[in-house]
Peer 1: 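Attaching a single structure in structure tokens format; questions to follow.
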Amino acid sequence: MSGTLTDKVYCLLRTAKSMFVPPVYGLPCNTLWHADFQRCDVAGLHFLSVCSVKAVKIYTALYLLPQLLKHKSMCESLKQTFPDVLRSSAFLTCHCFVTCAAHCVIRRLLGQYRAITVAAIPAAIGSLVSLPIEKYSRQEILAIYMASLALECLYEMAVYRDLIPPIKGGEVALFAVSGAVLTYFHRNREVKINDTMDWLMTKLLCCPARQSSKEGSSSQGWKLATRARENLVAMLDAFIQQHTNCDKSTKCTHELTCIGHAVNTGLNGVIWGTIIQMCVRLLSSGGSLRQVFRLLHKRRELARVSSFVGAYTAGVVALECALHRIGVNDNITPAIAGLVSGLSFTIVPEPSGPIALYFFCRAFQCVYKKLIQDEIIREIPYDVLLLFTVSTAITIHTGVCEPHLMRPSYTSFLNYLTDDRYRKLDRKLINVVMKNVDKAAIS
């Protein structure tokens, strides 16, 4: 369906107006939100108990995995992560409970549903109440993740309503620009990206100066595997030195030749790409090992993502070495290398848009912090809280009212967190509410 710009603007304004127009029917919340329980208080308490257990499982896996990847023992990891697990679980449980309670309270106060009160406003209230419970460093991570989800939902809404055409290859360009920004800030250290992201990029790009201080904490098994890979690369590097005149430039800080360093970084990227995929699948399934074994059956998907990580990391260091040789300014070398290497994102299988959007939000965060640091703009008060609140409201509204536009992995996460209550929502009644809202808005 195509139309003029005026028709698209009218459609957009009509959609915004429909958010606040009351529908024809006033449905009780137990028919729409908690059909298993007649009373709101009983439903809320049941929801509280279910979400608390699920939240502990999710955050135990989330906090333990990075510690284990840093090669720490299980007992040491549990001692360090136990307070964080309790705090983050309290945040997620509070968010779910307050969202459910706000839905019922607003329905009783208004006596009817409006499109914006079905999910958006309750989710916003839940975000405002619960986010201060979480640590500030975690608040930023959550806000960035939800912002990427909200951007994806808004894009899918716009394409579904024919407001914009689908952008072919847009995710590749988006990731290439984001990779350039993140690599630039990581190499030049002008703005601290994030502890987890900075640690991950250090591991992927084989930065020896930053890894040497933490080398002693590695387990014996990981040391043996790393030593075996380094010995293999060293043999290849010796072969290259014997049969070619290729050596490292004076500006390069790595010990191997430039080709050997690129091969070493690429192999390291393939290994970490496989590990990251397994960790993401484990976390998105709430700690279910079955999903990890399912990923192993999808060898083509696993190989393509791991190959992309290896190609991107090898491309970055190879291009940096090449640019050093021709005398390009050291400050812009990481940006050029990240931009060109980001084109390897074409290897990633569909859907690749969520990954590109997440890294775009990370890059935007770095630029925002840099502008504040240079006093070009002022910091927005409560910026993290506002971003998380708005993003969560958009995402939950899309998931409840337009689930066909929601990312399948996040739909599975909501089903797991709510003990399948999300899947049991009466979609027919939600469609009745939304259709009558739209009719009232048109009239």
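Quantities reported herein were computed from a predicted structural model and do not represent experimental measurements.
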Peer 1: Of all the heavy-atom pairs spanning Val316 and Gly338, show the shortest one and how long it is.
Peer 2: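 Looks like CG2-CA, 4.3 Å.
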
Peer 1: Say whether Tyr59 and Asp84, considering side chains only, have a donor N or O and an acceptor N or O under 3.5 Å apart.
Peer 2: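 Short answer, no.
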
Peer 1: Can you see which heavy atom on Val384 is nearest to which on Gln139, and at what distance?
Peer 2: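 The pair with the smallest heavy-atom distance is CG1-O, 3.5 Å.
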
Peer 1: Can a donor-acceptor pair be found, under 3.5 Å and without considering hydrogens, that links the side chain of Arg187 to the backbone of Pro334?
Peer 2: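 Checking the backbone N and O of Pro334 against the side chain of Arg187, no donor-acceptor pair under 3.5 Å is found.
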
Peer 1: Measuring from Glu152:CD to Ile394:CD1, what's the distance to the nearest 0.5 Å?
Peer 2: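 Rounded to the nearest 0.5 Å, the CD-CD1 separation comes out at 12.5 Å.
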
Peer 1: Would you mind reporting whether Ile377 and Tyr368 have side-chain heavy atoms less than 4.5 Å apart?
Peer 2: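 Sidechains of Ile377 and Tyr368: in contact.
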
Peer 1: Quick one: does Tyr63's side chain get under 4.5 Å of Ser88's, heavy atoms only?
Peer 2: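 Yes, at least one pair of side-chain atoms sits under 4.5 Å.
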
Peer 1: Under 6.0 Å between ring centres, would you say that holds for Phe413 and Tyr410?
Peer 2: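 Close enough - the centres of the two rings lie under 6.0 Å apart.
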
Peer 1: Tell me whether Lys370 forms a cation-pi arrangement with Phe185, defined as NZ or CZ under 6.0 Å from the six-membered ring centre and within 45 degrees of its axis.
Peer 2: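 No - Lys370 does not lie over the ring of Phe185 by the 6.0 Å and 45° rule.
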
Peer 1: Does the Ser130 side chain pair with the main chain of Gly126, one donor and one acceptor, at a distance under 3.5 Å?
Peer 2: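 A pair under 3.5 Å: yes.
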
Peer 1: With a 4.5 Å cut-off on side-chain heavy atoms, are Pro165 and Val159 touching?
Peer 2: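 No; the side chains remain at least 4.5 Å from each other.
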
Peer 1: For residues 90-99, which side-chain N or O atoms pair as donor and acceptor with protein atoms under 3.5 Å away, sequence neighbours left out?
Peer 2:
residue, atom, partner, partner atom, Å
Thr93, OG1, Ser89, O, 2.7
His95, NE2, Ser127, OG, 3.0
Thr99, OG1, His95, O, 2.7

Peer 1: Quick check against the 3.5 Å criterion: does Asn331 have a side-chain atom that pairs as donor or acceptor with the backbone of Asn188?
Peer 2: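 Side chain of Asn331 to backbone of Asn188, a donor-acceptor pair under 3.5 Å: no, none is there.
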
Peer 1: How about Ile141 and Arg362: do any of their side-chain heavy atoms sit closer than 4.5 Å?
Peer 2: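 They are in side-chain contact.
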
Peer 1: Any sub-3.5 Å donor-acceptor pair from Ser49's side-chain atoms to His46's backbone N or O?
Peer 2: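 Present.
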
Peer 1: Mind running side chain to side chain contact (heavy atoms under 4.5 Å, CB included) on Ile164 and Tyr155 for me, showing each step along the way?
Peer 2: CA-CA 8 Å; Ile164 60 172; Tyr155 171 74; 3.7 Å; yes

Peer 1: Taking all non-hydrogen atoms of both residues, which atom of Met406 and which atom of Thr395 are closest, and how far apart?
Peer 2: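 What the structure gives for the nearest pair is CE-O, 3.0 Å.
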
Peer 1: Contact between Phe175 and Tyr358 at the side-chain level, heavy atoms closer than 4.5 Å - yes or no?
Peer 2: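 Sidechains of Tyr358 and Phe175: no contact.
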
Peer 1: Examine distances only and state if a side-chain atom of Thr313 and a backbone atom of Gly310 form a donor-acceptor pair shorter than 3.5 Å.
Peer 2: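 Looks like yes, one N/O pair under 3.5 Å.
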
Peer 1: Okay, side chain of Ser344, backbone of Ser341: is any donor-acceptor separation there less than 3.5 Å?
Peer 2: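 Pair found, side chain donor or acceptor close to backbone of Ser341.
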
Peer 1: Test salt bridge (charged side-chain N to carboxylate O under 4.0 Å, His left out) on Glu156 and Arg407; report intermediate values, then the result.
Peer 2: CA-CA 10 Å; Glu156 294 293 341; Arg407 185 189 305 177; over 6 Å; no

Peer 1: Do the side chains of Val328 and Ile336 get nearer than 4.5 Å, heavy atoms only?
Peer 2: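 Yes, side chains in contact.
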
Peer 1: Compare every heavy atom of Thr333 with every heavy atom of His324, then report the nearest pair and how far apart it is.
Peer 2: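 That would be NE2-CG2, 4.2 Å.
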
Peer 1: After noting the C-alpha distance and the side-chain angles of Lys369 and Glu140, does the key distance pass the salt bridge (charged side-chain N to carboxylate O under 4.0 Å, His left out) rule?
Peer 2: CA-CA 12 Å; Lys369 287 185 175 182; Glu140 285 190 337; 3.4 Å; yes

Peer 1: Assess the side chains of Ser391 and Tyr145: does a donor N or O sit below 3.5 Å from an acceptor N or O?
Peer 2: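 Side chains of Ser391 and Tyr145: no pair found under 3.5 Å.
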
Peer 1: Do Pro403 and Thr411 come within less than 4.5 Å of each other through their side chains, counting heavy atoms only?
Peer 2: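 The answer is no; the side chains never approach within 4.5 Å.
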
Peer 1: Taking all non-hydrogen atoms of both residues, which atom of Glu171 and which atom of Ala356 are closest, and how far apart?
Peer 2: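 Taking Glu171 first and Ala356 second, the nearest heavy atoms are O-CB, 3.4 Å.
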
Peer 1: Taking the side chain as everything from C-beta on, heavy atoms only, tell me whether Val367 gets closer than 4.5 Å to Val181.
Peer 2: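 They are in side-chain contact.
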
Peer 1: How close do Leu182 and Phe359 get, counting heavy atoms only, and between which atoms?
Peer 2: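 Distance-wise, the nearest heavy atoms are CD1-CD2, 3.5 Å.
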
Peer 1: Looking at SG of Cys366 and CG of Leu371, how far apart are the two atoms once the value is rounded to the nearest 0.5 Å?
Peer 2: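 One finds 11.0 Å between SG of Cys366 and CG of Leu371.
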
Peer 1: Checking side chain to side chain contact (heavy atoms under 4.5 Å, CB included) for the pair Glu134/Leu142: CA distance, chi angles, key distance, verdict?
Peer 2: CA-CA 10 Å; Glu134 188 60 277; Leu142 289 167; 4.0 Å; yes

Peer 1: I need the Leu149 CG to Leu154 CG distance, nearest 0.5 Å.
Peer 2: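 Answer for the CG-CG pair, Leu149 versus Leu154, is 11.0 Å.
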
Peer 1: To the nearest 0.5 Å, what is the distance between CG (Leu174) and CG (Leu151)?
Peer 2: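 If we round to the nearest 0.5 Å, Leu174:CG and Leu151:CG are 9.0 Å apart.
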
Peer 1: Would you find a donor on one side and an acceptor on the other, under 3.5 Å apart, between the side chain of His103 and the backbone of Ala119?
Peer 2: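 Answer holds: no.
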
Peer 1: How far apart are the C-alpha atoms of Leu323 and Glu320, what are their side-chain angles, what is the distance that settles it, and do they pass the side chain to side chain contact (heavy atoms under 4.5 Å, CB included) test?
Peer 2: CA-CA 5 Å; Leu323 293 172; Glu320 284 181 333; 5.8 Å; no

